Amino acid sequence: MATAIYVSKVFAIITVTLTVSAIAGIVTMMIVYEAQIAGMDPTPRPTTLPPTTLPTGPPPDMRLPGNLVPKSYKLFLQPHLYPSLNMSDVNATDQINVFTGNSTVFFQCVEKTKTIILHNKNLTLLGLIVTDCDSGKLLPFVKYLQYDDWTDFLEIQMSDALAEGGNYSLFVDFQGEMAEDLEGLYVSTYNEDGLKKFIASTQMEPTSARKVFPCFDEPAMKATFDVTIIHRQPTIALGNWPKSGSRLLDDDWSATTFFATKLMSTYLLAFSVSEFPYTENPKPNVNGVKIKTYARKELIEAGHAVYATNIADKLLNYYVKLFNITYPLQKLDQFVVPEHRAAAMENWGLIMYDESAVLFDSKTSGQRQKEWIVEIVAHELAHQWFGNLVTMRWWNDIWLNEGFATYMANLGLAQEEPTWNMRQNAFEVDALNSSHPLSSPAVDIQDPGQIDEMFSSISYLKGGAVLRMLEDFMTESSFQKGIKVRDDLLPLSQQHFIVPSLPVRMENFISNGGKWILANINATGYYRVNYDPENWKRLLDQLESNPNAIPLMNRGQLIDDAFHLTRAKMVNVTLGLNTTRFLQNDTACLPWSTAIQNLNYFVEMFDRSLVYGPMQAYMRKLVTPLYMHFKDYTDNSTIPIELYQQNQLNAINVACSNGLPECEIMAVKMFRNWMKNETYNSIHPNLRPAIYCQALAAGGDMEWDFAWRKYQECTISPDKHLLAHALSCTKKIWLLNRLLEYTLDPEKIRKADVFETIMNVGANAVGQGLAWNFIRAHWETFHEEYVFYSRIFIFIICIIPVKLVADSALISTSNMLMNQAIEQTQANNQWVKENKQTVLEWFLAETGSEEWYST
């Protein structure tokens, strides 16, 4: 099948290098509260000018004009947040969620203009100064305008035009508010030693730097950043680059200054203010880089950040060798936030992680958590080169960042543990008409909502899959050579990797000579494969007689291809089901995981129909040999070698969820043993995801209440996530409703976990309607407080039956993700209508009607 892939050009690299012009005669201006900066010789505060607000509505072009090119920023920021409050003595309203600061951006005018246009969002501007850096003169301006639309433009109308080739600076004094919205500069909280602790940290990607300081907030407009953070004692401040100095201002405040960064995009700027301790690699790695992981005191003292620190050390060395490009810093900080809008963010030199992404406890964390940590750390470290050093021009090409990071993360995973064999699939969404190409026209991606939609499985998984296919086509050594950047090209602002169009088509293979034919060996190509009926039969016969004769990756790919070809109406629906028969004789994880994913589609389509009974009977028949294969391990709460550990979980989940009595009894028994002796949980950490969920699904109020109490008591995020998912597994409607109501109270369920909780309830067949009714009832709340999660809530809707969604006016059908949801659910309805009877007859034939009627 590889011969069906045509590549017009192998790989092209276009390098755009921006050099920083020498800027002299500029007086550094720093404005902080007078009491804290006495002796620092600040520039007097300029006169405050009221803004003129333009009419609302997006303008014809939502991009910056490009006539001004930023070179560097000098930034002073002061979060006024108290680091801790004694909640018994001090009211929470005494907290100060305000930050003040000033920024000076030095820029060059490349086209004569009378306006300065940059980004600003929700900042109160206290004064502006425009300076001609070539002459040192202050330049008058008429007024400034704040656009009240999606552009977030701040327009300064000058009295006289800026000259082409001239160098200028814009000083802005401002004030902003830190919210708990997980965007820009935001607040996180946690409890420690009887105090409520507060953290200030940042999340700029994709368009939130403008909420922290006025800036040219587009990825191509790279600049250097010279940052000073004024922070309360005894907190510490971290930034992208190493600290250049720190000084006490008075008894309450310190000032920490950082070395100027390399050229980078605004979305990569990061800093934090906290009292976090850290763990570190014992000595700088072979490249001289000191790696520190900062987290809450109890997590550091318990050693939960050690594994992520060690993995970062190994992977950083691996990437430096692989890319033949030195990591440009002598430090790498990993900052573990109690709440983060994503699993992680790749800020250059200061990677932010959610606690659930990187904490590992050998006593309580399972194998999947270890895999997850390596996957996340590998992805973010790959970004230090792909995304940070070289960056896409605009968000329509975000796949260049995320596709390469995904591809490189898979290499990092394989480096750490080759047997994990992680495999990700973007075919599902990519098969829809409403899918998007890897690179959309820039004019189609304008407003923040459209930008957010580009962070999809297409950009991540399809991007990674296409690169993997290209590597296979070119050979690994040639591909790796092609992506390396020469050391003499390091002073880069941008390097755009152009991957040519890859017209991939589905091929039909016809058997001959009585032998089976297998295409797309090891599934390296990003395409589906169809065979003639005779070859399909021979492949299925081979699978049932000796599955190991077919490579592991292809066993999974055959299942996945067959099921999706049936949904595309290219083969009979029974072909996909026939590919699962051989699993009775296969204990490998990959084909089982692929089959489960595809059979889950049948569960979602038929869980309230006559098909469900015989389908469960077939699943019990199919999984019984696998469950019995692991039974001795499971009953004794032990695990097999790493290669089979995930499939042990598959066996438990499939067996229990389809009513295999031995499994249900085992899960409830193990969970109740924990309930009897709360101080000792004998369930093996690897088994807890499955046991917790299945015990609550088979149990009642008693098990659920116990799990909820443990969830509230738990302070370790990975363990908390296991319990959170288990709570959504119950079949009791009133308990699911209770869980949904808890999402409205951040004291019960943190904001970062709200969307996941609702999604988990929606994934439960019993909870689909509950989740949708809850979303409808509270849509305004979610829309206002969780703006950045709009696409997440659409994903939630994707798992809810179309009969509940299609007529909803809550979300505009111009939204790409909503279009995908509606298109998918409409296709599902048609598919069920056409195939229900055939599927029912197949399951009845495989199990016999008597077992079905007795179920």
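Keep in mind it's a predicted model, so treat the numbers as computed, not measured. In what follows, every heavy atom counts, from backbone to side chain, and hydrogens, waters and symmetry copies are set aside.
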| Have Asn636 and Thr638 got a donor and an acceptor in their side chains that come within less than 3.5 Å? | no
Give a yes-or-no answer on whether the side chains of Gln78 and His231 include a donor-acceptor pair shorter than 3.5 Å. no
Between [X] (side chain only) and [Y] (backbone N and O only), is there a donor and an acceptor less than 3.5 Å apart?
| X | Y | answer |
| --- | --- | --- |
| Gln369 | Ser356 | yes |
| Arg688 | Gly366 | no |
| Glu380 | Glu346 | yes |
| Asn347 | Leu350 | yes |
| Ser637 | His684 | yes |
| Asn760 | Cys729 | no |
| Arg232 | Pro83 | no |
| Lys196 | Thr189 | no |
| Asn240 | Ala270 | yes |

Carboxylate-amine/guanidinium contact [X] [Y], below 4.0 Å:
| X | Y | result |
| --- | --- | --- |
| Arg296 | Glu301 | no |
| Asp452 | Arg341 | yes |
| Lys297 | Asp193 | yes |
| Lys748 | Glu741 | no |
| Lys751 | Asp753 | no |
| Asp181 | Lys211 | yes |

Mark yes or no: Lys720 above the aromatic ring of Tyr711, with NZ or CZ under 6.0 Å from the six-membered ring centre and no more than 45 degrees from the axis. yes
**Study point:** Over-ring placement of Lys197 relative to Tyr190, 6.0 Å and 45° cut-offs
**Key:** no
Which of Thr679, Asn681, Asn673 passes side chain to side chain donor-acceptor pair (under 3.5 Å) with Asn677? It is Thr679
From the list Gln645, Gln646, Gln367, side chain to side chain donor-acceptor pair (under 3.5 Å) with Asn686 holds only for Gln645
Is it true that, when you exclude [X] itself, more than 12 heavy atoms of the residues, nucleotides or ligands shown sit nearer than 6.0 Å to its [atom1]?
| X | atom1 | answer |
| --- | --- | --- |
| Tyr82 | OH | no |
| Lys314 | NZ | no |
| Trp372 | CH2 | no |

Are the ring centres of [X] and [Y] closer than 6.0 Å?
| X | Y | answer |
| --- | --- | --- |
| Tyr307 | Phe360 | yes |
| His383 | His379 | yes |
| Tyr692 | Trp674 | yes |
| Tyr327 | Tyr319 | no |

Distance col, row Asn647:CG vs Ser593:OG, nearest 0.5 angstrom, shows 6.0 Å
Please tell me if the side chains of [X] and [Y] come closer than 4.5 Å, counting only heavy atoms from C-beta onward.
| X | Y | answer |
| --- | --- | --- |
| Glu275 | Glu192 | no |
| Leu736 | Thr730 | yes |
| Thr235 | Leu81 | no |
| Asp745 | Ile749 | no |
| Ser254 | Leu248 | yes |
| Phe630 | Gln648 | yes |
| Leu739 | Ser728 | yes |

message: Before you tell me yes or no, could you show the steps for Arg738 and Asp705 under salt bridge (charged side-chain N to carboxylate O under 4.0 Å, His left out), namely the whole-Å CA-CA distance, both residues' side-chain angles and the distance that decides it to 0.1 Å?
response: CA-CA 11 Å; Arg738 185 190 303 176; Asp705 289 339; 3.1 Å; yes
| task | May I ask you to decide if the ring planes of Tyr278 and Tyr294 are parallel, tilted or perpendicular, using 30° and 60° as cut-offs? | result | tilted
Once you measure the plane-to-plane angle for Trp704 and Tyr742, does it fall in the parallel (<30°), tilted (30-60°) or perpendicular (>60°) bin? tilted
